[in-house]
Amino acid sequence: MNKEDPTLASPLSSPSVVHQQRLDQLAVFVRTSEQLLDAWDAYSDQHTGPDGWPYDAESYGRRAALRDADTWSAAARIRPFARDLISTAAVQLQHLPARTVQPAWPWRLSAVDDALDQLDALEADYWARLDELPPSAGPGTAGYDDLVDARNAEAWHALDELALHTPAVLAIHAAVQATPPCLDAVAPRPAPAESASPAPVARR
């Protein structure tokens, strides 16, 4: 993972404007992914038989390709800064009270990191294969569109993992916001100056 996100001043401080914007974009990705998956599940239920096979394989394949493309596009909006969010969340975990931490959070962050690695590898392979196409190949041509569809289909598992586990980043952020500031971080008030008092008189 990368170093801690510099857009966050300290692990349990209020997020910077940039960091909050990134969290908001992540929340949009999570909602969009859920909507895409729900729509796909509804379509699949209506267009497959009891054995799970589609009634029309060609139409089913086109609909699956649309699902993959839309999910890839949604993920592309957060991938440039996703690792910074993970790194910041990992640092925050170390400073949260143990009672507020869910045991699954660390491995869910690791799962997001793995998914990003897979997507980076698939994108690198895509660009390499794109260079092998003739100059005439472009959007709308069979060779180009087939390559894009293949990339999106191969990325589906990683995209699904990204959508499944990135909510942990938002949950960790919520736990941070709900954690009261540490007392040690509050500067102690200066003790009141002692008023001068007369010297004690010895008893006889």
Side-chain angles (χ1 to χ4, degrees), residues 1-41 64-65 67-130 147-179:
M1 295 184 183
N2 297 334
K3 294 182 179 180
E4 178 185 351
D5 185 353
T7 61
L8 192 66
S10 64
L12 298 184
S13 68
S14 297
S16 69
V17 173
V18 173
H19 188 73
Q20 184 60 57
Q21 289 174 342
R22 291 174 173 179
L23 290 169
D24 293 342
Q25 289 177 272
L26 178 61
V28 171
F29 164 72
V30 171
R31 289 195 301 270
T32 301
S33 298
E34 290 175 348
Q35 292 168 358
L36 289 170
L37 184 58
D38 289 344
W40 167 253
D41 288 342
R67 173 205 66 185
D68 298 342
D70 288 345
T71 309
W72 176 277
S73 297
R77 299 186 184 97
I78 66 162
R79 283 176 56 203
F81 53 80
R83 293 187 191 278
D84 286 337
L85 291 180
I86 299 169
S87 297
T88 297
V91 173
Q92 290 172 326
L93 273 179
Q94 300 173 12
H95 294 80
L96 281 171
R99 57 183 171 76
T100 67
V101 175
Q102 294 185 14
W105 282 347
W107 72 259
R108 292 188 71 184
L109 293 181
S110 179
V112 174
D113 204 42
D114 290 343
L116 291 171
D117 285 343
Q118 295 175 44
L119 293 174
D120 288 346
L122 286 168
E123 186 163 35
D125 180 66
Y126 161 75
W127 286 111
R129 292 161 65 185
L130 189 63
L147 183 57
V148 172
D149 288 345
R151 177 202 63 187
N152 296 344
E154 292 172 6
W156 169 246
H157 175 72
L159 292 170
D160 191 42
E161 286 287 290
L162 196 65
L164 180 64
H165 296 297
T166 45
V169 175
L170 300 174
I172 292 169
H173 174 71
V176 167
Q177 298 305 301
T179 300

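We're numbering straight along the sequence, starting at 1.
Atoms OG1 and CD, from T71 and Q35 in turn, are 11.0 Å apart once rounded to the nearest 0.5 Å. Between the CZ atom in R151 and the CG atom in L119 there is a gap of 10.0 Å [rounded to 0.5 Å]. Distance check: I78 CD1 to T166 OG1 gives 5.5 Å after rounding to the nearest 0.5 Å. Note: Q92 CD to H173 NE2 = 7.5 Å, rounded to the nearest 0.5 Å. The CG atom of L23 sits 9.0 Å away from the CD atom of Q177 when rounded to the nearest 0.5 Å. Considering CG of L164 and OG of S33, their distance stands at 10.5 Å, rounded to 0.5 Å.
In terms of the ring pair (Phe, Tyr, Trp, His ring centres under 6.0 Å) criterion, residue partners of W107 (sequence neighbours excluded) are, by chain and number, H165. In this view, S73 satisfies the side-chain contact (heavy atoms from CB on, under 4.5 Å) rule with no residue, not counting sequence neighbours. For the ring pair (Phe, Tyr, Trp, His ring centres under 6.0 Å) test, residues two or more places apart in sequence or in another chain that qualify with W40 are Y43, Y60. With sequence neighbours excluded, the residues forming a side-chain contact (heavy atoms from CB on, under 4.5 Å) with D70 are L36, L66, listed by chain and number. A search for salt bridge (charged side-chain N to carboxylate O under 4.0 Å, His left out) contacts involving E123 returns R79, not counting sequence neighbours. Among residues two or more places apart in sequence or in another chain, the salt bridge (charged side-chain N to carboxylate O under 4.0 Å, His left out) test is passed with D24 by none.
You'll find the side chain of F29 reaches within 4.5 Å of the side chain of L162, heavy atoms only. Two residues are said to be in side-chain contact when any heavy atoms from C-beta on lie closer than 4.5 Å; E161 and V112 fail this criterion. Between W156 and R67 the shortest side-chain heavy-atom distance falls below 4.5 Å. Residues Y126 and V148 are in side-chain contact: their nearest non-hydrogen atoms beyond the backbone lie under 4.5 Å apart. Taking the side chain as every heavy atom from C-beta outward, H19 and L85 approach each other to under 4.5 Å. Side chains of I172 and L109 form a contact here, defined as non-hydrogen atoms less than 4.5 Å apart.
Between L96 and W105, the shortest heavy-atom distance links the atoms CD1-CZ3, 4.4 Å. Contact detail for L170 and A27: the closest heavy-atom pair is CD1-CA, 3.9 Å. Closest approach of P167 to A163, counting heavy atoms only: CD-O, 3.3 Å. Residues H157 and Q118 come closest through the heavy atom pair CD2-OE1, 4.1 Å. Across all non-hydrogen atoms, the minimal contact from L122 to A155 is CD1-CA, 3.4 Å. Closest approach of A82 and L116 over heavy atoms only: CB-CD1, 3.8 Å.
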Pair D120-R83, salt bridge (charged side-chain N to carboxylate O under 4.0 Å, His left out): steps then yes or no | CA-CA 12 Å; D120 288 346; R83 293 187 191 278; 3.0 Å; yes

